[in-house]
Structures are given as structure tokens and as C-alpha cells.
Amino acid sequence: MISIIFNQGIIPKDVVERPINNDFVLVSPDKVLLTFIENSVYLGLLWVRPWTILGSIGIGKIEAVGVDVDQTLQGKNVLVLPYSRKYGGIGTEIDGLLTEKAVIPDDAIVTLPEKFNDKVLLYPFVSIATQILDLVKGEKVLIIGSGLLGLLTYQYLLDNSVDVSIYTDISGKKIQGVKEVKNLEEGKWDIVILSTMRGWARYIAERLITEEGRIIVPVFMNTWPPTLPSRSIKIYPKKMDGLLQKTEKISDKFFSENIAYSDDILSSIPTPKNGVIVNVKKALASYANSSFIT
């Protein structure tokens, strides 16, 4: 089956179909959201095992289920989260969604209603923002990182009257409509959220918090980050009641400004916007007769 794998680069490859373990499901991917996770693999910020199938977040239909999985899930449309509590990161520590048939742990799927839109692909980031909001009680917050996770968390906290600022770690990047910190020496914060995978942010974070401050680290893998500053709190994307309804409330303006669409996976990594939704079937079909496939 044609898949997009990591092997000294990101390449299409014809690989053997994976077996369905007891607590896994077989998903036929439809759309995959490329984000900072795939960008980090491309840039070398995130190491994954060679021959791993990439693709961490997506929508697809369940074609078959393992023996320990609810059989009624077969034929259902599902959202695949980028993290399994049992097995780790999807598309990083275990095989992901950029393939014709993906084998995914059952604890990383969210069943979708009959009608849904592409905003559900932002579910993992809304789950993290929701958990962060529960930790913030009238405190001053700084988000380091201006990607999809950072901007969505910023907007979510701001909408709930949190004093929040954002610092971009990308030189020359302009962010419209946010309270931006230009110089990290300007002050200290009660909470610093690390929404970047760059190591310098973890190194500097302890110097940015107050005496009783905390550092929040959104995590999408078991093996990353390799080290954490003291007073860190890890937060993982997870299934939460009522979260699908929250994704529907993401503004069309935010979605269009941050998300692009593509039928070509390889040309979309690194992403031209903060996220790119790719049509997996169309993209993989275009590689089927490619000279790159062996």
C-alpha cells in the first residue's frame, strides 16, 4: 500500500499492510491535517523511527476492528487524535494516517456524528486549550509559539477573559490581532505555555515564570520532550465530552487564516499555513505510478 514514511527524509513508499492488533482499528483515511508535528519531523526537531508512516491527525472510516474492540464501530466515521495513552504518538511513535489503510489504537479515535465539518480536525488542540483553561485561575499567561496550537489556545483563553500574551519564535513573523510580547525580558508570568518544539523554549522557560509560576507543556508523544524544566505540567490531547460542539464554534475567519487545502502531501510539508488539510486518497493515487515509489 502506498504510504508517506520517514526514512532519511519524507518519501512515498509501497509498504506491507499492517496487521490489526486486538485493540486497534483499520481506518481508511479521508483527510489528514498536517501541522507542526510533520513540520518538526521535516526540520529535524522531532526524530521518528525510520519507516514510520507519518500523519497524526485525520478523519476516516473504520473498515475493520480488532477482537477486543466494539464491533459496532465498523463503518463509522472517526476523528483520529495524535496521541494514544496506550501506545504514544500517532504518526511519530507508531504508524500514522498518511497511507491507504491505517491501523490505529482504539483509544485514539473519536466517533463522529452523521454531519460534521473540517473544523473537527482542530479537536486535539481545543482539548489542550480546554485543559489549560481549567488550570488558569486569574493568572497572567504567556504562550511561546505562534503556530496552530499557540494561536488557538490564545484565542480560547482570551475569549474566557484570561490575561494572555503570545511570543513568536519565528523571526520576522507578524501576528495580527494578538497581544504580542516582543522581548522576553519584559517581565515574568504566572504561567508559561510552550507551544513550540524548539529546545530553547524549554531552556529559557524557568527564567520567565514568577516564584510560584508553572510551565505547561502540551505533549503529543511519550518520548518527547527528552527533558523538562522544573515545575512543568504535561498536557496531552484527549477525548472530552462536548468537545465536538466547541470545535464548531471556531470562527470561519480563524479557520481560513490558518488552514489551507492540498491534494499533494510532499509539497505541503513544511506547511504554507499553520495547518494543511490533504485529501489522502487523491494524493496517494497521484504517487502510485511515480518514479519515487519502489
Side-chain angles (χ1 to χ4, degrees), residues 6-10 33-50 52 54-57 82-84 88-94 96 124-125 128-129 131-132 135 140-154 157 164-175 178 180-211 213-237 258 269-275:
F6 174 78
N7 190 26
Q8 297 182 342
I10 297 174
L33 175 63
L34 304 176
T35 65
F36 57 86
I37 298 174
E38 290 74 26
N39 288 347
S40 295
V41 174
Y42 176 87
L43 295 171
L45 300 174
L46 186 62
W47 185 89
V48 299
R49 176 174 42 85
T52 299
L54 303 180
S56 297
I57 302 168
Y83 179 74
S84 159
I90 310 299
T92 50
E93 291 170 313
I94 63 173
F125 309 125
I128 286 174
Q131 293 174 74
I132 290 174
L135 294 172
K140 186 180 176 184
V141 178
L142 173 69
I143 298 172
I144 298 179
S146 57
L148 193 55
L149 173 61
L151 291 177
L152 191 57
T153 301
Y154 175 89
L157 296 181
V164 56
S165 305
I166 198 163
Y167 176 83
T168 180
D169 55 344
I170 301 175
S171 178
K173 182 174 181 179
K174 295 181 179 179
I175 319 170
V178 303
E180 188 176 355
V181 172
K182 295 291 187 181
N183 182 359
L184 290 177
E185 303 301 324
E186 289 179 7
K188 291 185 180 291
W189 289 265
D190 301 306
I191 292 179
V192 171
I193 302 168
L194 304 183
S195 70
T196 175
M197 289 188 165
R198 297 185 184 275
W200 69 264
R202 298 193 304 276
Y203 174 77
I204 200 175
E206 287 184 82
R207 304 210 309 261
L208 303 177
I209 55 175
T210 59
E211 188 174 339
R214 293 165 291 168
I215 300 163
I216 296 178
V217 187
V219 175
F220 298 83
M221 299 172 61
N222 287 331
T223 56
W224 185 94
T227 60
L228 281 172
S230 61
R231 287 187 280 171
S232 291
I233 302 169
K234 289 184 180 180
I235 294 183
Y236 299 88
N258 288 281
I269 305 173
T271 58
K273 285 191 174 184
N274 285 323

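It should be emphasised that the depicted structure is a prediction, and the values quoted were computed from it without experimental measurement.
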> Test of understanding: with ring pair (Phe, Tyr, Trp, His ring centres under 6.0 Å), list the residues that count as partners of Phe6, not counting sequence neighbours.
none
> One pair to check against side-chain contact (heavy atoms from CB on, under 4.5 Å): Ile216 and Val192. What are the steps and the verdict?
CA-CA 6 Å; Ile216 296 178; Val192 171; over 6 Å; no
> Please report the shortest heavy-atom distance between Pro229 and Ser232, naming the atom on each side.
O-OG, 2.5 Å
> Considering residues at least two apart in sequence or located in another chain, which fulfil the ring pair (Phe, Tyr, Trp, His ring centres under 6.0 Å) criterion with Phe220?
Phe36
> Looking only at non-hydrogen atoms, find the nearest pair between Tyr83 and Gly89 and report the distance.
CD1-N, 4.1 Å
> Does a donor on one side chain sit under 3.5 Å from an acceptor on the other, for Ser230 and Glu206?
yes
> Which heavy atom in Gly145 sits nearest to a heavy atom in Ser195, and how many Å separate them?
O-OG, 3.2 Å
> Please name the residue in the list Leu135, Ile191, Val217 that meets the side chain to side chain contact (heavy atoms under 4.5 Å, CB included) test with Ile233.
Leu135
> With sequence neighbours left out, write down each residue that passes ring pair (Phe, Tyr, Trp, His ring centres under 6.0 Å) with Tyr167, or none if nothing qualifies.
none
> Residues two or more places apart in sequence or in another chain: which of them pass side chain to side chain contact (heavy atoms under 4.5 Å, CB included) with Lys273?
Ala260
> I'd like to know if the side chain of Thr223 pairs up with that of Glu93 as donor and acceptor (distance under 3.5 Å, no hydrogens or angles considered).
yes
> Out of curiosity, Trp189 CH2 to Ile143 CD1, how far, rounded to the nearest 0.5 Å?
12.0 Å
> Can you tell if the side chain of Lys234 reaches within under 4.5 Å of the side chain of Leu228, non-hydrogen atoms only?
yes
> With rounding to the nearest 0.5 Å, note down the distance linking CG in Asn258 to OG1 in Thr35.
12.0 Å
> Would a distance-only check, ignoring hydrogens and angles, find a side-chain to backbone donor-acceptor pair under 3.5 Å from Thr168 to Ser146?
no
> For a side chain to side chain contact (heavy atoms under 4.5 Å, CB included) with Ile193, tell me which candidate from Leu157, Leu142, Ile144 qualifies.
Leu157
> How close do Tyr42 and Pro270 get, heavy atom to heavy atom, and via which atoms?
CE2-CD, 3.4 Å
> Measure the CG-OG1 distance between Leu149 and Thr196 for me, rounded to the nearest 0.5 Å.
10.0 Å
> Please list, chain by chain and in numerical order, all residues satisfying side chain to side chain contact (heavy atoms under 4.5 Å, CB included) with Thr92, sequence neighbours excluded.
Ile37, Leu46, Val48, Ser56, Met221
> Working to the nearest 0.5 angstrom, can you tell me the gap between Ile166 CD1 and Tyr154 OH?
7.5 Å
> To the nearest 0.5 angstrom, please state how far the CG atom of Leu208 sits from the CD atom of Glu185.
7.5 Å
> Kindly indicate whether the side chain of Leu194, heavy atoms from C-beta on, has any atom under 4.5 Å from the side chain of Arg202.
yes
> Hey, does Leu33 have a side-chain heavy atom less than 4.5 Å from the side chain of Leu148?
yes
> Do Asp190 and Ile209 come close enough that some side-chain heavy atom pair is under 4.5 Å?
no
> Any chance you could measure Ile235, atom CD1, to Ile132, atom CD1, to the nearest 0.5 Å?
4.5 Å
> Provide the closest heavy-atom pair for Ser40 versus Met197 in the form atom of the first, atom of the second, distance.
OG-SD, 3.3 Å
> With Arg49, which residues qualify under side chain to side chain contact (heavy atoms under 4.5 Å, CB included), at least two apart?
Trp47, Thr52
> State, to 0.1 Å, how close Arg207 and Lys188 come at their nearest heavy-atom pair, and which atoms those are.
O-NZ, 2.7 Å
